[in-house]
There are 2 protein chains.
Amino acid sequence: MKRTSRDIRTANRYEVLRQIIAESPTSRQELAAATGLSLATVATLVGELLDLRMTTEVGFEESAGGRPRGLVAVNASGGALIGVDIAETYVHVELFDLALNVLARAEEDVRPGESLPEQVVGHVAAAVGSVVTQAGIEGARVLGVGVSVPGQVDRATGISEYAPNWDWHDVPLVDLLSEYIAYPLYLDNPLRAVAVAELWFGAARGSGNAVVVTLGTGVGAGLVLGGALHRGVSNSAGEWGHNTIVLDGRLCRCGNHGCVETYVGAPGIMLNLRELSPDSELLHPGDQTATIAALARGMLTQDPVAVKVVRHTARYLGASIAHLVNLFNPEVVVLSSWVAAALGEPLVAEVREAVARHALPRPMAATEIVLSPIPTDPACLGAATFALEGALQSVGQRSAKRTTPARTKTHNPR
Amino acid sequence: MKRTSRDIRTANRYEVLRQIIAESPTSRQELAAATGLSLATVATLVGELLDLRMTTEVGFEESAGGRPRGLVAVNASGGALIGVDIAETYVHVELFDLALNVLARAEEDVRPGESLPEQVVGHVAAAVGSVVTQAGIEGARVLGVGVSVPGQVDRATGISEYAPNWDWHDVPLVDLLSEYIAYPLYLDNPLRAVAVAELWFGAARGSGNAVVVTLGTGVGAGLVLGGALHRGVSNSAGEWGHNTIVLDGRLCRCGNHGCVETYVGAPGIMLNLRELSPDSELLHPGDQTATIAALARGMLTQDPVAVKVVRHTARYLGASIAHLVNLFNPEVVVLSSWVAAALGEPLVAEVREAVARHALPRPMAATEIVLSPIPTDPACLGAATFALEGALQSVGQRSAKRTTPARTKTHNPR
DNA sequence: TGACTTTATAAAGCCCCTTTCCTAACCCCT
DNA sequence: AGGGGTTAGGAAAGGGGCTTTATAAAGTCA
């Protein structure tokens, strides 16, 4: 709510680092042009990042008659970030370098009935330990661990207030994890993690207004408004998956009827398939991944059943995404997460058409609907990005120490 | 997109003036407490407003042992604001003093078939002329004229890009109006006007996140996010009325089927009534106002038909407002405009229940659903508020004159 | 080698906000 | 009536941010 000039600095720091990561190496000139900041500001921000060892100078660009431009690049080995994606059936952990390349992965299955907080925390701790050893990173280099857990979370206290899939209530997840993990921890939910991933590294980069639609087992929307994530008053904005799209429609696990999720989430798509073609061989009962994969293959071969199911699904999806277009008037709608990735362009093409049928022409004309370009698990990447943001955040608040008076003069004289 | 420290100043200026208008007279101390700003900042901002003659000092508060607090109040006669609400069948103009009291009104009917831009402009010009003479205001005191016109507008150029009700396309409304009106003109659409009215003077005051639902002949939602209006990338955010709530539902004037508007806009409510009780005497065919008024009276007497119709309407409204609650996670949802005002608390009570049935419990718990406290035409008030914002805006940009070197020392020495 | 060009840093200036200090204004008590 | 004590409000200083301007650095080209 209360804005201060510090927020501007933080936003600019983010923007510059984002740009460097996206286009590495790059020059200060390019950064200034891309961000709209003055050269001087860019220079000081780059200087900060150099001091933090997040970037390095990597030679010069040959010039045409003047002093050559110094090039800066992400210092990939300047630190490591860990992203944890806790989902209903698995815990997925990835360790990234500062260029956000995956250095190591680990996955643990969460079997039904083994979903007590302590058990899940155990999985996370094991997987985090595993990626650190795999990567051979010395512990001190890990800048932070971002954790994505479904449901409603309180970021400040690190509490998972409510996780519908496991019926968790007010689980102090960060406290539990900190018994095993010594790095700074950042907690949020997958919707926002995916949105942040798209904002930093994906299709929403540079957009002031974007909507990131997560299509997985559950569905939701991450909202980027004014260049930053919109969280709402109690950090639960974006619960698009539980909007009613069919009055008195299918029963949803949330208890309501006709939620978007029940038609376009992976189980919903399976149900669409079953309703349209009860004994199709595309259906793998009890296996969402296989069924979606079968549909994806079917789309490539123009299998009539697959086409019919995707079109049917796109109809609901189109109407629901049209809601987002009408309401937010975004520059871009990004389709992300594994169902979107699996069904790919064929789905997007159908969705574009369906949205155009339902949205108003004016906002529709201003909106692009695209597939996420992120190849890996976006929730992991986004969770790691929370850790990155956290590491950058703490730059601003220089410790108000007064005991060391010589600290402002850190650069070497001569 | 690009934030500067100036924006902070502007936002603070708005906030302080809002507070003064809301609670006039008030002291600097109270203002500081209410806004969270320091005393010094409040003092300088109040000083600016005093210089602008928008506020005046009005005596002192008796103190208990110290220097008495100086009281400042809106200088009601320090200027006048004009709000123009152009609707499908009428042009409504109100002239306000700076305390936003209505000093004069004028209304012109727009008959079907007389909706050419020139004709509408004529009505506006006549009505604006009328309120100025009625109020006996000398012209120089009018700080600006805000104009609300349905559909999509480009504020910067003052063009009505598309008005669905009259099939206007790219009408240069501000240019046309400036032939008749010499005051600064500000153009936007009723959704945003109503939202700004609620933000400044209504139920959304002080909320970082609020949704203002406009229920009239057309319906829509004004979005207040982060304490400011969300406009979207092409200034067409908030078109909630054309979200599909029933797939293949009623035909909407926008060409689609099943839009929210077709169930909860005034014509939609009439249709609900006709469907539920075809020959109820509540129905006044062809007269929305009379029918809604009859329903309102029916609600007071617990007329079973009226109750049934309102409950039926609230069902659609509840599901649609639940979308907003789930997506935005706002502090407050404000029901505004004439249908909401007419049906009043009975409607709100039904809506609260219906929303609670459809929204997720967590965001729902954080959200209050209230009726707009604004007694007059909120679009007029909001339009006038645009003019007020415009007048305040121009304070910041001090003319970059260099010819008068002594300009920084404006205050009298002594 | 000198002139010109381009980059990067340093300095100065402006805009914000806050904190601190000091004067103004009032009450109350002696 | 005249000092304390207390509170309000303004002025100045300070800190953070961004930009413009000046200066130093590092090339190319004649």
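Below, read A as the first sequence line, B as the second, and so on, with proteins coming before strands; counting in each chain starts at 1. Small disclaimer: the values here were computed from a predicted structure and weren't measured. Atom set for the values below is all heavy atoms of this structure, side chains included, hydrogens, waters and symmetry mates excluded.
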Return whichever of A:S5 or A:F60 has its heavy-atom-nearest nucleotide of DNA chain D closer to the 5' end.
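Looking at DNA chain D, the more 5' nearest nucleotide goes with A:S5.
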
Whichever of A:G66 and A:A40 has its nearest DNA chain D nucleotide further upstream toward 5':
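With A:G66 and A:A40 compared, the 5'-side residue is A:A40.
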
Hey, is B:R18 close enough to B:E389 for a salt bridge, meaning N to O under 4.0 Å?
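Salt bridge flag = no for B:E389 with B:R18.
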
Look at A:D7 together with B:R3 and state whether they make a salt bridge at an N to O cut-off of under 4.0 Å.
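A salt bridge is absent here (no side-chain N lies under 4.0 Å from a carboxylate O).
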
Atom-to-atom span, [atom1] of [X] to [atom2] of [N] - whole angstrom:
{"X": "A:R67", "N": "C:dA3", "atom1": "CZ", "atom2": "C1'", "answer": "18 Å"}
{"X": "B:Q29", "N": "D:dT6", "atom1": "CD", "atom2": "P", "answer": "17 Å"}
{"X": "B:E61", "N": "D:dT6", "atom1": "CD", "atom2": "P", "answer": "20 Å"}
{"X": "A:R69", "N": "C:dT7", "atom1": "CZ", "atom2": "P", "answer": "5 Å"}
{"X": "A:L71", "N": "D:dA26", "atom1": "CG", "atom2": "P", "answer": "16 Å"}
{"X": "A:N12", "N": "D:dT19", "atom1": "CG", "atom2": "C1'", "answer": "12 Å"}
{"X": "A:R28", "N": "C:dA8", "atom1": "CZ", "atom2": "P", "answer": "5 Å"}

So what does B:A43 hit on the nucleic acid, given a heavy-atom distance under 4.0 Å: a base, only sugar-phosphate, or nothing?
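Sugar-phosphate contact only - B:A43 comes under 4.0 Å of backbone atoms but never of a base.
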
So A:G47, base contact, sugar-phosphate only, or nothing? Heavy-atom distance under 4.0 Å.
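Nothing, no heavy atom under 4.0 Å.
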
Answer yes or no: does a side-chain N or O of A:R9 lie under 4.0 Å from OP1 or OP2 of D:dC18?
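So the side chain of A:R9 is within the cut-off, an N or O lying under 4.0 Å from OP1 or OP2 of D:dC18.
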
Look at B:S38 and C:dT18 and indicate whether a side-chain polar atom (N or O) is within less than 4.0 Å of OP1 or OP2.
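So the side chain of B:S38 is within the cut-off, an N or O lying under 4.0 Å from OP1 or OP2 of C:dT18.
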
Which pair of heavy atoms, one from B:V224 and one from B:S207, lies closest together, and at what distance?
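Taking B:V224 first and B:S207 second, the nearest heavy atoms are CG1-O, 4.1 Å.
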
